[in-house]
Amino acid sequence: MKDCTNCQFNLYAAKTFNKEQLSSMEDNCSGKTFKKGELIFKEGITCSRVSLLKEGLVKIHMVGVGGREQILKLVKAPNYIGIPNTVGDKTYHYSATAIEETQVCFIGLDNFKELLHLSKDFAYNIIADFCKNEILHFRNCIHKTQKQSAGLLADALLNFANNIYESHSFTLPLSRQEMADSFGTSRENVSRMLSEFQRDGIIKVDKKEISIVNIKRLELISGLG
DNA sequence: GCATTAACCACAG
DNA sequence: CTGTGGTTAATGC
């Protein structure tokens, strides 16, 4: 029934697996589709598996000070989500929610470990991914503490345009509140800034439809902070 | 002082 | 859930 041969994770990280190893993977993974807004895993519960994001877009979020929600990052398929929760106390330290129709494949922890032992390339790819992520997080950390909200909003819009949708026009998958939760401002501020960007001819906004008119200006705002 | 930035509140679609 | 307007507090010329 299941066939992991053409799973993008084989191409992405584990293309060295042989037939037997693949069939072990096939026996031990299970796929599930999540609709926009559906929770994939929740902060606080026990973690016993790794999630492979095969299709879609997910927000990684965590409850912060005073119950305030913080969106840490968006993850686009194909990617792993939740591996850091599989070590130590094996508890999810953050939640993942689908913000677009999303397909996830779960693989049991023991099986995952076995695969790590089986393939150096597989293991190395995961480490490489983590390294990239940590550096990204350092950069993000600096931005969030040193930039003011207009710069952060510009960053967010550029991220959608350049990395997530690879287009100057896109539909925001997040509400204004969620945008605010991404970089620690108020939803009012996000509304206002989007209006201002539009007024200044930098973007065009129609509800959640965004198109970037003047990307140079946006980059300038992002750079100025 | 005066300007800027942003949070909080209230109210209208 | 959004967009606006008023108000207030903090910070920096």
Side-chain angles (χ1 to χ4, degrees), chain A residues 33-44 53 55-77 81 92-104 136-225:
Chain A
T33 301
F34 294 88
K35 294 199 168 45
K36 184 180 167 88
E38 274 190 305
L39 193 63
I40 296 167
F41 56 74
K42 188 175 171 56
E43 183 177 350
L53 184 58
E55 199 77 58
L57 190 63
V58 160
K59 69 169 177 181
I60 302 297
H61 54 113
M62 192 169 185
V63 177
V65 182
R68 209 163 156 16
E69 186 81 358
Q70 171 76 44
I71 295 178
L72 294 154
K73 62 172 175 179
L74 303 183
V75 181
K76 187 172 85 155
I81 47 173
Y92 284 111
H93 289 256
Y94 50 79
S95 305
T97 302
I99 55 177
E100 279 176 2
E101 171 114 351
T102 287
Q103 224 185 94
V104 181
L136 252 167
H137 281 111
F138 286 164
R139 178 123 280 133
N140 248 323
C141 194
I142 291 179
H143 289 172
K144 280 184 189 148
T145 50
Q146 299 186 341
K147 288 191 183 190
Q148 42 191 46
S149 11
L152 294 170
L153 177 61
D155 285 352
L157 294 174
L158 287 169
N159 185 37
F160 281 119
N162 297 334
N163 307 130
I164 296 177
Y165 294 121
E166 295 173 35
S167 161
H168 283 190
S169 301
F170 51 87
T171 307
L172 263 189
L174 302 178
S175 67
R176 306 290 137 118
Q177 181 66 64
E178 287 175 306
M179 292 288 285
D181 290 341
S182 305
F183 45 89
T185 185
S186 60
R187 64 160 239 292
E188 293 100 321
N189 223 337
V190 173
S191 287
R192 256 190 275 268
M193 289 188 297
L194 285 174
S195 307
E196 278 166 26
F197 282 4
Q198 166 151 266
R199 206 171 49 232
D200 296 342
I202 299 167
I203 59 174
K204 231 182 132 294
V205 187
D206 178 24
K207 300 283 175 67
K208 295 199 165 180
E209 301 300 321
I210 305 275
S211 67
I212 295 177
V213 179
N214 188 340
I215 194 155
K216 282 275 171 284
R217 285 280 301 283
L218 206 55
E219 282 163 356
L220 193 66
I221 292 168
S222 160
L224 288 173

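So that the names make sense, note that chain A is the first sequence line, chain B the second, and so on, each numbered from 1. Everything numeric in this text was worked out from a predicted model, so none of it was measured.
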**Study point:** side-chain hydrogen bond (donor to acceptor under 3.5 Å, both in side chains) partners of A/Glu100, counting only residues at least two apart
**Key:** A/Tyr165

Review point. Is any side-chain heavy atom of A/Ile221 less than 4.5 Å from a side-chain heavy atom of A/Phe197?
Key: yes

Review point. Is any side-chain N of the basic residue among A/Glu69 and A/Lys59 closer than 4.0 Å to the acidic one's carboxylate O?
Key: no

Exercise for review: Return the orientation label for the A/Tyr94 and A/Phe41 ring planes: parallel under 30°, perpendicular over 60°, tilted otherwise.
Suggested key: tilted

Review point. Rounded to the nearest 0.5 Å, how far apart are CG of A/Leu157 and CD of A/Glu219?
Key: 12.0 Å

Check your understanding: Taking CD1 from A/Ile221 and P from B/dT4, how many angstroms apart are they, rounded to a whole number?
Key -> 16 Å

Check your understanding: Whole Å only: how far is the CZ atom of A/Phe183 from the C1' atom of B/dT5?
Key -> 14 Å

Review point. How many Å lie between CZ on A/Arg187 and C1' on B/dC8, as a whole number?
Key: 10 Å

Revision key, fill the gap. Rounded to whole Å, CD of A/Glu188 lies from P of B/dA10 at a distance of 11 Å

Review point. Looking at A/Thr33, A/Val58, A/Thr97, which hits side-chain contact (heavy atoms from CB on, under 4.5 Å) with A/Thr102?
Key: A/Val58

Practice item. For DNA chain B, determine which residues of residues 198-218 of chain A have any heavy atom closer than 4.0 angstrom to one of its atoms, and list them numerically. Key: none

Study note, to complete from the structure: Rounded to whole Å, CD of A/Gln148 lies from P of B/dA7 at a distance of 11 Å

Exercise for review: Whole angstrom is fine here: how far is it from CG in A/Leu153 over to P in B/dT5?
Suggested key: 14 Å

Point to revise | A/Asn189 side-chain N/O to B/dT5 phosphate OP1/OP2 under 4.0 Å | key: no

Check your understanding: What are the bounds, 5' to 3', of the part of DNA chain C that sits under 4.0 Å from heavy atoms of chain A?
Key -> C/dT2 to C/dG6

Review point. Is the count of non-hydrogen atoms from other residues, nucleotides or ligands lying under 6.0 Å from A/Lys42 atom NZ greater than 12?
Key: no

Practice item. Please report, rounded to the nearest Å, how far the C1' atom of B/dA6 is from the CE atom of A/Met193. Key: 9 Å

Point to revise | Chi angles and distances behind the salt bridge (charged side-chain N to carboxylate O under 4.0 Å, His left out) call for A/Asp181, A/Arg68 | key: CA-CA 8 Å; A/Asp181 290 341; A/Arg68 209 163 156 16; 3.4 Å; yes

Practice item. Would you check if A/Arg176 and A/Leu194 make a side-chain contact, meaning some heavy-atom pair closer than 4.5 Å? Key: yes

Review point. A/Gly151 near the nucleic acid: base, sugar-phosphate alone, or nothing, with a heavy-atom cut-off under 4.0 Å?
Key: nothing

